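Following: one structure in structure tokens, then a few remarks.
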Amino acid sequence: MKTLLVLGLTTVLVACGGNNGSGGEQAAAPPATPKPTFGTFGIDLSAMDTSVKPGDDFYRYVNGKWVSTFTMPADKARYGVFDALRDKSEADVRTLLDELAARPPAAGSVQKKVSDLYNSWMDEAAIEARGIEPLRADLAAIAAARSKNDIVTLMGNIDYAGPIGMYISPDPADTTRYVVNVTQGGLGMPVRDYYLNEGPKFDAYRSAYQTYVAKILELVGDPNPAESAKAVVALETALATVHWSPERQRDVQATNNPVDRAGLAAAIPAIDWDLFLRGSGLSNVQHFVINETTALHDGAALLDTQSVEAWKKYLAFHLASDYASNLPKAFDDANFDFYRKTLSGVEVQRDRWKRGVTLLDGLIGEGVGEVYVARFFPPEYKAQMDALVANLVKALGQRVSTLSWMDDATRAEAAKKLATFEPRVGYPVKWRDYSAYVVEPGKLFENVRNGRKFDWNREVARLDEPVDREEWGMNPQTVNAYYNPLVNQITFPAAILQPPFFDPYADAAVNYGAIGAVIGHEIGHGYDDQGREYDETGKIRNWWTPETNDKFMGAIGKFAEQYNAFCPLDGACVNGNFTMGENIGDLGGLEMAYTAYKLSLNGREAPVIDGFTGDQRFFMAHAQVWRAIQRDDALRNQMLTDPHSPAAARGSIPERNVDAWYAAFDVKPGDAQYIPPENRVRIW
Ligand SMILES: [Zn+2]
């Protein structure tokens, strides 16, 4: 999962990460008289603030009225176009679940598992009645630990937290086979900054976290929860000190350290690897990639310097916290209070059914997706999208052939990579087989745990098989898109192919400015500061001449400064290096989409609609998809943890580097967002 580069916010695979509905948007049948969903040609003109000059603040010009008048729903940390579509996708899935409830599916079918899992989530009385009984065997095993090796044995279980994490991906040395990656892990707060940063805001986060740890330990029967919580937080703070920052984790070369079994033991000597790997089902594996070298070495060394007692408290807390939403309400509420209220500013918990839909997405997403696409994804959308993608690829091909900063040797490699790009639209050609996933009525905790184990076992079982290029890393009902550099694939799930991203009844300029720029963004990831390290087969290989490399580095240095200067909170600015890949995707995507829009016109002049030229509609559609409001805590969280820049930056900074935007809105020196031509960043 680590290598997927997604379009929207990076989401976390727990049942507290998503969104909810404001209630108004239901799945609609296609209109009798085809017309766009937004406005008369695809843009909601009532959202604009026309008192603002486009050249002074383009994002406000397009979205200002909406941004200053829309009220944040109490159960959301952020609300925008993405979130409205996610509400719609949730409501669509609920329609399917209601149908399953009305006509119970056949025993043994995947729909039966979907239905049983969902019902076990909705049965709050059963969850309360079982109390902490589902945790007892684990708590006893943790309590029985007497030595460091007992702790290591427990941590080998994929359900348990610790400084060592594992995931399986295509091997960057040979992307036709899989490899086991060893990666840093083990913190309860999002990233190291929450443990180490100074200031009253971070003091408050830390104090709330310690209260949360104590509450969970109290609920699992710890006799001295306040003292135990102190020990857990102290241990995690020591771990945070050696962790790599998310910015450093983006370094493709530094995180690519292939080793054999002996090399693994030499690099992380504090772990008895026979014990650890046995628990993960990886005893026979001989080949690994180590990611954050020093963090893993030093993090594992804490097993020697921190007491066995502290590690036992740590393991008990993390297990109960990871499963909090599948345990009685007292656990769920405590988890909400810290992760959603304190860290993101959300006021109330989402409706239970919505969280149930999120749970299904994480555990049996393609079982839902198969029914979802049959019902909600018109087949003709796929053909229209295929045509759009083909135009975007053609546009980048044209641009690559004329880029002035690139020499011919590097240009030939870039073209080779573009030729092997594989776009995927809508849904996978084959659906995941869930027959080994055990779901039992009335047993939520076990169902969730079995789901996680099913996923892991599935990946372990095929370690020696060739990489499955037909697999998808997102569900069709997910409103997002991604690029995976290891297989050179871009993937657009069905649910993002809806207005205002894609509207078959909207003006062409609008579709190119919205979904066109999204497609370009994903293609652009193949050539961003990370993606450029991978070649046309997905292998990590340097295909850049030193001269062209120097020019690329110069351009991105200038680009980072534009984002570093974007400071939406007092004293908190975007980190231009951390967000570089996404920002390059946004700029390249906009340039490619503009070129593709021009190609689509075949030399014709675009019509003027409602007083707006084709070029104006193109840029307005782009800014429209980024309209959003966000709570301050969530924004701070995003800037520390998420490689995507805030929406307001994504809907304005790329434009400022595109010459056609200046011409379209007559932006002149003296306008607040004006950048002189020689300082505009031109990458792809
Ligand atoms: Zn992206």
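In listed order, ligands and their atoms are each counted from 1. Owing to the predicted nature of the structure, the values given are computational and were not obtained by experimental measurement.
Both tests do not hold together for Arg627 against Phe70: distance to the six-membered ring centre under 6.0 Å, angle to the ring axis within 45°.
At least one N, O or S atom of His525, from either the backbone or the side chain, sits less than 2.8 Å from the Zn ion (ligand 1). The Zn ion (ligand 1) has an N, O or S atom of Glu582 under 2.8 Å away, backbone or side chain.
Relative ring orientation between Phe665 and Tyr61 is described as perpendicular, the plane-to-plane angle rising above 60° on a 0-90° scale split at 30° and 60°.
Using a 4.0 Å cut-off between charged nitrogen and carboxylate oxygen, Arg432 and Glu471 count as a salt-bridge pair.
Its N, O or S atom nearest to the Zn ion (ligand 1) is what matters here, and for His521 that atom is NE2.
Remark: aromatic rings of Phe501 and Phe82 are close, center separation under 6.0 Å.
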